[in-house]
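Structure first, commentary second.
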Amino acid sequence: MTAQRTCLPINDNWLFRFSHQVEKNTWQRVDIPHTWNTTDALAGKPDYKRGIGNYKRKLFIKEEWRGQRLFLRFEGVGNIANVFMNGKHLGEHRGGYGAFIFEITDRITYGTENEVMVRVNNAEQLDVMPLVGDFNFYGGIYRDVHLLVTGKLCVSPLDYASSGVYLVQQAVSQEQAAVCTVVKLSGTPEKEKELRLTLSVKEEEKEILQVEKSVGEDSFVSGEEHMEFIIPAPRLWNGWKDSFIYQVEIKLYNGSQLLDQITQPLGLRYYHTNPEKGFFLNGEHLFLKGVCRHQDRAQRGGSALLKHHHKEDMDIIREMGATAVRLAHYPQAEYVYDLADRYGLVVWAETPFIGPGGYEDKGFIDQSSFRNNGKEQLTELIRQHYNHPSICFWGLFNELKEQGDNPVEYIKELQELAHWEDPTRPTTSASNQEGAINFITDNIAWNRYDGWYGETPATLGKWLDETHKKYPQLKIEISEYGAGASVYHQQEALVQPTPVSWWHPENWQTWYHMENWKIIHSRPFIWGGFIWNLFDFGAAHRTKGDRPGINDKGLVTFDRKERKDAFWFYKANWNQEEPVLHLAEKRNLYRKSPYQDFMVFTN
């Protein structure tokens, strides 16, 4: 017999209206993914719509599903969602970047249309991370929605909307890999015969081992089973070199009847960072040539991206030759992590605990509701993405300040929680401060903009050397470095612009990156450098560059159509798989000097 589980997308034929549109006949048809900030936020309107939007949809529940369990799973709603089924409240989810799920089994009528309603709120909330950010907080159901149908007993989808399967890599080496599989179960079988779990590991299509275990009675409701196995001489997930992934298939049986089936990726690897020599993957040194990525783009008017948009971004990251990506500053779409696994990219995945950077307000309020929400979002991040081999670091915060409500003790709690949830991965954070905040996570990184927000790139080299000498035990990395640039702003001489001005010449960005990269890459104690940002992105409050509402530090334009000169500098230095030959500054069409120097990037 086949497994009971069915997962159906329900992205089409939704109706939308704002909550203030209480008059009748104001609903408009939309498809998911959707955001209501497609025009105002990206037009540089700092007070873009942040409030409540209502979504509803008819959902036909088949008569044949009677006796099974049904769930609604949302991959991402910005930022607070209250879900109703047939007018009755199912529950609330607080946080705009993690998935969540509600069981609707007891709230539906079979053989007819049922109504799903979601009230979405992207207003500022003082107890929901993030409180501030140098990017837009788009409102809407901006990631996929699914209807999940399972048998009465199943691998649980209710454990923070995770897969319910955790592949814990206990010890991995070239010689063997020891893995403990944790399987969460939920529900009861209709008629118990012989409940058992089987686990098979497949190398491509070939099964290389199988484990079987009987399931005890006390596991019927929200239970947990452990199944251990060893793979001798494993084929390792090795980044760019070999992004090989085993497939682990979990099956739940009642006698000969297959009740449920889950398949999860298993990329075996071991790694560490050394305070003197940097990052090592599977025993070999690997400098993390990294980029940061925000999830919005111009053509979609915000964050409501489709799969091919995510793939295009990851393809461009791979094209440039990056070996790592920081998914800043929040959990991103599940498909992005799938692609990172497949492309062999080392991922820094982070929770949305964000400080103000150079802006007003704070990223931390010392109240219990805020603290609980941060822990909830960190737990979601880890459990939902636990099995992705690409994820090597959990990021705990970005640019927080110790003044006022001091987040240091709370970060220590997050550090403890991260290790409790996942003892196999280290933590890191992105700081722009001095102080105790830099001595909590396992690794620490700094956001530095030497040569953009004042000073020169040489300042970065001096600061790195002094910091490493003063704190030789710290595992140091550069989490952000970058400079703004417009492809429409060209200058003949190399003149440092004013960052807050409307003039962001492209050649300064190019020179900035050439100089900063030399400094970062020449220091073996730096375990990586992450460019801010690979793509221009929306920030409604910004009034600088060639237009309002855009952070133009990207190496690729917001519409993904133009690669700036700095992109080609990195591609020539990072990508050794395809030939590169790029004439820089060719967009500068108006030149006065009778003598010209020309710069070419090539590998």
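Atoms considered below: every heavy atom in the structure, side chains included; atoms not considered: hydrogens, waters and symmetry mates.
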Counting C-beta onward and ignoring hydrogens, is there a side-chain heavy-atom pair between [X] and [Y] closer than 4.5 Å?
X: Asp242; Y: Leu236; answer: no
X: His309; Y: Arg297; answer: yes
X: Phe525; Y: Pro472; answer: no
X: His294; Y: Phe535; answer: no
X: Asp313; Y: Leu339; answer: no
X: Cys154; Y: Arg69; answer: yes
X: Thr188; Y: Leu153; answer: no
X: Leu381; Y: His385; answer: yes

So, [X] versus [Y]: side-chain donor-acceptor pair below 3.5 Å or not?
X: His419; Y: Asp442; result: yes
X: Glu376; Y: Asn372; result: no
X: Glu477; Y: Asn443; result: no
X: Asn447; Y: Asn398; result: yes

Just jot down the salt bridge (charged side-chain N to carboxylate O under 4.0 Å, His left out) partners of [X], sequence neighbours excluded, or say none.
X: Glu350; value: Arg326
X: Asp144; value: none
X: Glu416; value: none
X: Asp361; value: none

At what distance, to the nearest 0.5 angstrom, does [atom1] of [X] lie from [atom2] of [Y]?
X: Glu228; Y: Leu199; atom1: CD; atom2: CG; answer: 11.5 Å
X: Met314; Y: Leu534; atom1: CE; atom2: CG; answer: 10.5 Å
X: Ile526; Y: Phe287; atom1: CD1; atom2: CZ; answer: 7.0 Å
X: Ile382; Y: Trp420; atom1: CD1; atom2: CH2; answer: 13.0 Å
X: Leu72; Y: Ile104; atom1: CG; atom2: CD1; answer: 4.0 Å
X: His468; Y: Arg523; atom1: NE2; atom2: CZ; answer: 10.5 Å

| task | For a ring-ring contact (aromatic ring centres under 6.0 Å, His included) with Trp532, tell me which candidate from Tyr453, Phe537, Trp446, Phe135 qualifies. | result | Phe537
| said: Name the residue from Tyr343, Tyr337, Trp394 that meets the ring-ring contact (aromatic ring centres under 6.0 Å, His included) definition with His388. | reply: Tyr337
Check [X] against [Y] and note the closest heavy-atom contact, atom names and distance.
X: Pro130; Y: Ile354; value: CB-CD1, 3.8 Å
X: Gln415; Y: Ile440; value: NE2-O, 3.4 Å
X: Thr424; Y: Tyr271; value: O-OH, 4.1 Å
X: Arg50; Y: Asn122; value: NE-O, 2.8 Å

| Does the pair Glu413 and Arg371 meet the rule for a salt bridge (charged side-chain N to carboxylate O under 4.0 Å, His left out), with working shown? | CA-CA 9 Å; Glu413 294 177 19; Arg371 297 166 76 108; 2.6 Å; yes
Please name all residues satisfying ring-ring contact (aromatic ring centres under 6.0 Å, His included) with [X], sequence neighbours left out, ordered by chain then number.
X: Phe244; answer: Tyr246
X: Trp240; answer: none
X: Tyr97; answer: Tyr330
X: His93; answer: Phe100

| Within 6.0 angstrom of Glu92 CD, more than 12 heavy atoms from elsewhere | yes
| query | So Arg73 and Glu334, salt bridge (charged side-chain N to carboxylate O under 4.0 Å, His left out) or not? Walk me through it. | reply | CA-CA 13 Å; Arg73 187 178 192 275; Glu334 294 173 4; 2.7 Å; yes
With a cut-off of 3.5 Å and sequence neighbours excluded, list every side-chain donor-acceptor pair involving residues 158-165.
unit_1	atom_1	unit_2	atom_2	d
Asp159	OD1	Arg383	NH1	2.7
Asp159	OD2	Tyr166	OH	2.4
Asp159	OD2	Arg383	NH1	3.3
Ser162	OG	Asp159	O	2.8
Ser162	OG	Gly164	N	3.1
Ser162	OG	Tyr166	OH	2.8
Ser163	OG	Val165	N	3.1
Ser163	OG	Val165	O	3.0

| request: Just jot down the side-chain contact (heavy atoms from CB on, under 4.5 Å) partners of Thr198, sequence neighbours excluded, or say none. | output: Arg196, Glu212, Lys251, Tyr253
| For Ser173, side-chain contact (heavy atoms from CB on, under 4.5 Å) partners two or more places apart | Glu175
Pair [X] + [Y]: ring centers closer than 6.0 Å:
X: His513; Y: Trp517; answer: no
X: Trp527; Y: Phe393; answer: yes
X: Tyr410; Y: Phe353; answer: yes

| field | From CA spacing to verdict: salt bridge (charged side-chain N to carboxylate O under 4.0 Å, His left out), Glu466, Lys469 | value | CA-CA 5 Å; Glu466 290 176 350; Lys469 183 178 180 180; over 6 Å; no
| Centre of Tyr386's six-membered ring, under 6.0 Å away, within 45 degrees of the axis: is that where NZ or CZ of Arg425 sits? | yes
| field | From CA spacing to verdict: side-chain contact (heavy atoms from CB on, under 4.5 Å), Arg269, Val172 | value | CA-CA 6 Å; Arg269 74 281 185 272; Val172 178; 5.8 Å; no
| Salt bridge Asp315-Lys311, side-chain N to carboxylate O under 4.0 Å | yes
| field | Pairs touching residues 425-444 that satisfy ring pair (Phe, Tyr, Trp, His ring centres under 6.0 Å), sequence neighbours left out | value | Phe439-Tyr471
| task | Check the pair Lys202 / Glu207 against salt bridge (charged side-chain N to carboxylate O under 4.0 Å, His left out), numbers first and verdict last. | result | CA-CA 4 Å; Lys202 293 184 178 180; Glu207 183 179 88; 5.8 Å; no
